Structures are given as structure tokens and as C-alpha cells.
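Working notes, structure below.
No experiment lies behind these values; they were computed from the predicted model shown.
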Amino acid sequence: MKILSLHIKGTIAIFAALSISASIACTCMYMGVFEEYSKLHPIVVRGTVRGHGDTLPNRSDYFKTMTVTVSETIKGNFPHTSFEFYGDTGMSCLRYITLEDYPIGSEHLFILESEEALQPLLVCGESSVLITGSTVQGHFRDANGYHIYQQDLNEFITNLR
């Protein structure tokens, strides 16, 4: 039986670690609807989508980033009047920024991870809900897939605080 050299063993160990971390990097358990998921994060803001960044290759309706103008901080402290989200570009384990979900001019409540002006668009729970007039519209997931729900905006915001 041949003994592998230290160099080869080291190389194998590095490749094994990289393959394990790559497979774990995009694995997350669904952490619930917006109200539940927001309890795990320090900041919730109300904001309007003002623009999108570059499109993803071969997808003119998917974007690398989007700019949001903040109209109100609902929970926590957020010092900026606008910020930029970056989304998934193919293997980032983030939510995709799509024209369908985030049209320019649409208003949402967003969960933020920090006070930074550049934020990841989180995916392991419902990280945003659409504001439509006096209601919020979101999606919940169960064994049968995703379903739409609506709730009174003021009541929803009161529950988040």
C-alpha cells in the first residue's frame, strides 16, 4: 500500500473542504413568513424600488442589484435614506432580484441584516412583502408550495414593532 505524500494529502484536504463548503453554502432551512423571519433580524424598513443594476447574463428581467429609497424605519436603526440590495447571480444563496417581484416604483417592507448601505437580499425566509394600498401581500410556503396572503398594513407594522 502506497502512502500519499503530504503535498497530495494537503491538496485532497483542500478540495474536500471546498466541495463541502460549496454544497453547504446554498443550503438553508426555510425560516418562515415575514413576521417570523423579521424576529431573527435587527432591521425592517419601508422602501420604494428606484432602480435596477446590471442584468444577469441571458436574463433581461433578473438583476444583480436594486436601489431602494427608505421612507420609514419600522424596526431597529437604519441611518441611510437609500441603500442597494445585491441578489443572487447564480450560486449566491440569495433571492433573485426580478422585474416581476421588484418593479420600479413598487413599495415593500424589507428585512435588513445590518446598518450597511449595501445589503444581501435574503432568501432563507420571506425577506420582503409588497405594499398595495393599505395592505401587505406576501407568500407563505407549506407542503403544497407557495401561497399568497394579505394583511392590513397598519396591523402588520404594529406586529413587527
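- Contact record, Ile97 with Gly87: CD1-N, 3.5 Å, taken as the closest heavy-atom pair.
- One finds the OG1 atom of Thr89 at 14.5 Å from the CZ atom of Phe63 (value rounded to the nearest 0.5 Å).
- The CE atom of Met66 sits 11.0 Å away from the CG atom of Leu99 when rounded to the nearest 0.5 Å.
- Note on ring orientation: taking the six-membered ring where Trp is involved, the planes of Phe110 and His108 are tilted (angle from 30° to 60°).
- One distance of note links CG of Asp142 with CG of Asn144; it measures 5.0 Å at 0.5 Å rounding.
- Looking only at side-chain heavy atoms (C-beta outward), Ser106 and Leu130 come within less than 4.5 Å of each other.
- The distance from the OH atom of Tyr86 to the CG atom of Leu121 is 10.0 Å, given to the nearest 0.5 Å.
- Listed by chain and number, the hydrophobic cluster partners of Leu56 are Tyr62, Tyr96, where partners are ILVMFWY side chains within reach of under 4.5 Å, directly or through others.
- Taking all atoms of both residues into account, the shortest heavy-atom contact from Arg95 to Ser128 is NH1-OG, 3.3 Å.
- Residue pairs meeting the side-chain hydrogen bond (donor to acceptor under 3.5 Å, both in side chains) criterion with at least one member in residues 113-126, sequence neighbours excluded: Asn77-Glu115, Ser114-Gln119, Glu126-Tyr149.
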Side chains of residues 150-157: which donor-acceptor partners sit under 3.5 Å, not counting sequence neighbours?
from	atom 1	to	atom 2	distance (Å)
Gln150	NE2	Gln137	OE1	3.4
Asp152	OD2	Asn154	N	3.2
Asp152	OD2	Glu155	N	2.9

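- Evaluation of the salt bridge (charged side-chain N to carboxylate O under 4.0 Å, His left out) rule for Glu107 yields Arg46 as partners, not counting sequence neighbours.
- Taking the six-membered ring for Trp and the full ring otherwise, Phe83 and Phe78 have centroids separated by under 6.0 Å.
- Side-chain contact between Met31 and Leu40 is present, with heavy atoms from C-beta onward closer than 4.5 Å.
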Handout entry: Stepwise side-chain contact (heavy atoms from CB on, under 4.5 Å) check, Val45 with Leu112
Key = CA-CA 8 Å; Val45 298; Leu112 304 181; 3.8 Å; yes
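- Ring centers of Tyr146 and His139: at least 6.0 Å apart, outside the cut-off.
- For the pair Ser127 and Phe34, the minimum side-chain heavy-atom distance is 4.5 Å or more.
- In this structure, Leu109 and Val136 have side chains that are in contact, with non-hydrogen atoms separated by less than 4.5 Å.
- Cluster annotation: Val70 and Ile74 are assigned to distinct hydrophobic clusters (Ile/Leu/Val/Met/Phe/Trp/Tyr, side-chain heavy-atom contacts under 4.5 Å, transitive).
- Using a 4.0 Å cut-off between charged nitrogen and carboxylate oxygen, Arg161 and Glu72 count as a salt-bridge pair.
- Listed by first then second residue, pairs satisfying salt bridge (charged side-chain N to carboxylate O under 4.0 Å, His left out) with a partner in residues 55-66 read Arg59-Asp61, not counting sequence neighbours.
- No side-chain heavy atom of Val68 sits less than 4.5 Å from a side-chain heavy atom of Arg50.
- In this structure, CD1 in Ile43 is found 12.0 Å from OG in Ser38, a value given to the nearest 0.5 Å.
- The list of disulfide (SG to SG under 2.5 Å) pairs with a residue in residues 119-161, not counting sequence neighbours, reads Cys28-Cys124.
- Distance CG/Leu160 to CD1/Ile111: 8.0 Å, rounded to 0.5 Å.
- Under the 4.5 Å side-chain criterion, counting only non-hydrogen atoms from C-beta, Tyr37 is in contact with Leu122.
- No continuous path of hydrophobic side-chain contacts links Val33 to Val123 [ILVMFWY only; heavy atoms under 4.5 Å].
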